[in-house]
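A quick write-up on the structure given underneath.
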Amino acid sequence: MDRRRADRARAFTGGPILTMDPSPACVEVVVVDNGRIAAVGDRALLRAYPDVIIENLAGRTLLPGFIDAHNHLSIAALHPIWADLSREATLDEFKAALLEQASREPDAHWARGANWNEVTTGVLPDRHDLDALGLDRPVIAAHYTLHQCVVSSQGLDELQIGRNTPDPPGGVIARGADGAPSGLLIERAWSAAHAQSMATYRDPERWADLFAARMRQLLRDGITCVHDAACGQTAQAVYRAMHAAGTLPISVLMMPHAEAILMDPPLDGPVSGDGDERLRVGPVKLFADGGIAPAMDVSIAGQRSAFGIEFPGLAESVVRAVERGFRVAVHAIGNVGLRNTLEAFARAARMRPDDDHRFRVEHACLASPAQIGEMAALGAIGVVQPGFLHHIGQSVEAVPWDEEIWLPFGDLARARIPLAGSSDDPCAFHEPLRTSSHGATRRTGSGNILGPEQALAYEEWLRAYTAGAAYAGGQEHERGTLSPGKRADFVVLEGDLDPEHPPRVAQTWVDGTLAYDAQLP
Ligand SMILES: [Zn+2]
């Protein structure tokens, strides 16, 4: 029997089968033919398929393949090229990693490190530290959040940032005591440095190889589709070329960067929904507030304070994107970011009251009960990251806000707001079985429990990673639940759905073909 081919019907049976559909929620048999689900039902169904190959689940659980609804695959895939600064514990090791990267990539115009995290490593470099490397080119150390970086003096020169350069709108050029830029660039100032330092990494074949390698890693974690949550023109071209060549290991929903869509005149091209099951255009990605500096207005014991960075012109951008035929997804971490996002959504909804907008709030990390009510009234979706309990949860567990709630997953669900599960990879770990465990236990990186009333059952997280994420992507007709006609993309789990001892991925199936098996080398 050739297990890697999908040209004969096969029936999965012998273990719990979770359809992620309300009825029936559980079945005994799924029959697959030609890469699609042909039938679901009880064991009697097998009589209608006498020649079917039986796939014995042997007590393991079968469910739809996971959809990571917010994954920066096109940037995470390139990380192996760069110095991994997450592992470097001292400034000397940090510098050694950058030197090693520069020698590995002699033709790159910038030396580049990724995943710098000053909290876990204690390393807080400035431009002088990077200058001391003595390299013949500019140096950038990108933060794990992809919302700030440190660049060398040569890098500042290349970006034409000097003592008198004003902060860009929505960004900060950090300065030392002497008033000169320190090298730390935040939010929109980081975006410019990121774009410039990426300029030499544009070889489509190299990207395609790296994308494919990353996708094969995701298959090991049961992920059969990602929503690439900010997809530049190069990345879109690479995805299209891979799709044309039949070399995309998983499905991708590309969420285009807003810049090209909102240019005047706008870039012509496909809009949300265009494409096919393997590669489709998703909503446009916009930003309401910072990632490292989310915009918040909160009170502690009645004392209000406001801080963070909000980006101007959001409502206009949302309206223009909707006018051009796109759905929209807005990054909103702080409650001020969320307020501006909901105002923008309300405007677009008034403009096009009959559209199925499926507004997406990406992150929704801090919200008041009133805002959650507004989200529900707008029919907005919460594209949430249970894995954020680990690092954001740890950093806020001692902050007693009066009203606003951190990572309010339980309240969102109780307001009947559709939730889509996601990771924000590479800004956080991506494994759905692991992030879901944090979402169910509310355990933070320190081991403490944050807001236990906001917990959702482990199975609810698996639903958010399947049916919920499919709905957020406008893909519910093709994936996310087990019903006839849907894609035969599955994950098979070994072990109980216990958040304290999460199950493991035993197999991943794509198009009815075994794409990963933990027992095979
Ligand atoms: Zn993100």
Side-chain angles (χ1 to χ4, degrees), residues 66-79 86 114-117 142-149 170-171 186-188 190-191 194-195 198 211 214 218 223 225-232 235-236 239 252-259 282-295 308-311 314 317 327-334 337-338 340-341 359-366 380-393 395 407 409 419-432 435 438-439 464-465 468-469 472-473:
F66 296 132
I67 303 165
D68 187 341
H70 187 121
N71 182 307
H72 299 284
L73 189 139
S74 53
I75 186 87
L78 304 187
H79 273 201
S86 67
N115 268 334
W116 158 49
N117 184 337
H143 199 248
Y144 77 96
T145 57
L146 300 173
H147 285 268
Q148 70 176 19
C149 62
I186 301 169
E187 302 293 356
R188 289 282 153 90
W190 131 266
S191 313
H194 173 59
M198 287 282 290
F211 282 22
R214 183 67 187 156
L218 298 184
I223 295 170
C225 177
V226 296
H227 298 177
D228 189 330
C231 212
Q236 291 184 48
Y239 282 135
V252 178
L253 187 82
M254 302 181 288
M255 295 166 61
H257 259 304
E259 284 78 34
V284 169
K285 170 81 178 293
L286 296 147
F287 289 83
D289 65 344
I292 196 77
I309 295 178
E310 49 188 309
F311 297 132
L314 177 68
S317 300
R327 284 179 171 162
V328 287
V330 179
H331 159 119
I333 292 187
L338 182 59
N340 297 348
T341 300
F359 297 123
R360 290 173 51 145
V361 179
E362 310 291 309
H363 309 307
C365 293
L366 184 69
I381 300 161
V383 180
V384 292
Q385 298 78 32
F388 278 12
L389 258 311
H390 186 271
H391 60 292
I392 292 188
S395 62
L407 308 171
F409 307 138
L419 295 182
S422 68
S423 68
D424 206 14
D425 178 46
C427 307
F429 52 84
H430 69 273
E431 301 88 336
T435 61
H438 284 276
Y465 267 107

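Keep in mind that what you see is a predicted model, and the values were worked out from it rather than measured. For ligands, and for the atoms within them, numbers begin at 1 and follow the listed sequence.
For the Zn ion (ligand 1), protein N, O or S atoms under 2.8 Å: 3 in total.
Using a 30° and 60° split on the angle between ring planes, His194 and Trp190 fall in the parallel class, below 30°. Ring geometry for Phe287 against His331 counts as tilted: the plane angle lies between 30° and 60°, on a 0 to 90° scale.
A centroid separation of less than 6.0 Å is found between the aromatic rings of His438 and Phe429.
Nearest heavy atom pair, residue His143 against residue Thr145, reads ND1-OG1, 2.8 Å.
Not one N or O on the side chain of Ser86 forms a donor-acceptor pair closer than 3.5 Å with the backbone of Trp116.
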Run the side chain to side chain contact (heavy atoms under 4.5 Å, CB included) check on Asp228 and Tyr239 step by step: do they pass? CA-CA 11 Å; Asp228 189 330; Tyr239 282 135; 2.7 Å; yes
